[in-house]
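What follows is a single structure, written as structure tokens, with notes after it.
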Amino acid sequence: MLTGNREFNEIYKKYKNLVLQAAYIYSGDYTEAEDITQDTFLKLYIGYDKMRKDNIPSWLYTTAKNAALTYKKKQKRQILDCDREEDEKSVDEPATKSAEEEFLRRTLELENSELHRRIVADMRKHNPRWYDAMILVFYMELPQAKAAELMEIRVSALHAMLHRMRNWLRKKYGVEYEEMNRER
């Protein structure tokens, strides 16, 4: 076990945001990311004495990432099982949408998803701080005061950052983004 709770608390404070962010990015579920973060730090607490101290940050990140990817795989399996059940039910029920409407809906969803991924990847390259702010505020849905605290900036600086980010998005992706939202 750890030589002291103080040492563990310092590690937790220093790396909790990294672990939570990794868990959220790879799982896509904030509640699950919180659980993964707790489990990751519990594993660290239990195995701390056997661990090389210089490997802790990478171990935390990798452990959270792997747990999140495992969660994501389980979710996909559950979704596929649900889809199979719906397909079995739909054989008995008359179709409410034509095959063409369903194809168009799925195509639109795919296009929107691809645009979204492209925007996020481009933003991450263009300005990693904007990316962090976006993840905390829009994906993790943290209050802006909490996001600013985690980013170690003032709330007014976060507001300015989000404003500049939105303006950049409008300039770079305005037409595509408007099209995507109009068709929903």
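Figure legend: cation-pi geometry between K53 and Y48, with NZ or CZ positioned under 6.0 Å from the six-membered ring centre and within 45° of its axis.
Between F8 and Y12, the angle of the ring planes stays under 30°, which puts this pair in the parallel group of the 30/60° scheme.
In this structure a side-chain-to-backbone donor-acceptor pair under 3.5 Å is missing from T62 to W59.
K14 pairs by the salt bridge (Lys or Arg N to Asp or Glu O under 4.0 Å) definition with nothing, not counting sequence neighbours.
Counting only N and O atoms by type, the side chains of N9 and R6 include no donor and acceptor under 3.5 Å apart.
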* Under the side chain to side chain contact (heavy atoms under 4.5 Å, CB included) criterion, do R164 and M161 qualify, and how do the steps go? -> CA-CA 5 Å; R164 286 190 301 275; M161 186 182 297; 4.2 Å; yes
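Taken from CG in D35 to OG1 in T40, the straight-line distance is 10.5 Å, to the nearest 0.5 Å. A distance of 11.5 Å separates CG in N127 from CG in D122, rounded to the nearest 0.5 Å. Residue H126 holds its NE2 atom at 9.5 Å from CG of L169, rounded to the nearest 0.5 Å. One distance of note links CD1 of I36 with CG of L69; it measures 8.5 Å at 0.5 Å rounding. The OG1 atom of T37 lies 12.5 Å from the CG atom of L42; values are rounded to the nearest 0.5 Å. Here CD of Q21 is found 13.5 Å from NZ of K16. Values are rounded to the nearest 0.5 Å.
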Name every donor-acceptor pair, under 3.5 Å, that has one atom in a side chain of residues 22-33 and the other anywhere in the protein, sequence neighbours excluded.
| unit_1 | atom_1 | unit_2 | atom_2 | d |
| --- | --- | --- | --- | --- |
| Y24 | OH | Y139 | O | 2.8 |
| Y26 | OH | Y61 | OH | 3.4 |
| S27 | OG | A23 | O | 2.7 |
| S27 | OG | D29 | N | 3.2 |
| S27 | OG | D29 | O | 3.3 |
| D29 | OD1 | T31 | N | 3.0 |
| D29 | OD1 | E32 | N | 3.1 |
| D29 | OD2 | Y71 | OH | 2.8 |
| Y30 | OH | E34 | OE2 | 3.3 |

All N/O donor-acceptor pairs, side-chain side in residues 146-160, below 3.5 Å, sequence neighbours left out:
| unit_1 | atom_1 | unit_2 | atom_2 | d |
| --- | --- | --- | --- | --- |
| H159 | NE2 | Q144 | OE1 | 2.5 |

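Taking both residues in full, the closest heavy atoms of F138 and R166 are given as CZ-NH2, 3.1 Å, listed atom of the first, atom of the second, then distance. Nearest heavy atoms, I11 versus F41: O-CE2, 4.3 Å. Taking both residues in full, the closest heavy atoms of P57 and L18 are given as O-CD2, 4.1 Å, listed atom of the first, atom of the second, then distance. Smallest separation of non-hydrogen atoms from A133 and L162: CB-CD2, 4.0 Å.
Residue-environment remark: CZ (R118) exceeds the threshold of 12 foreign heavy atoms within 6.0 Å.
Between L44 and Y15 the shortest side-chain heavy-atom distance does not fall below 4.5 Å. In this structure, M123 and W168 have side chains that are in contact, with non-hydrogen atoms separated by less than 4.5 Å.
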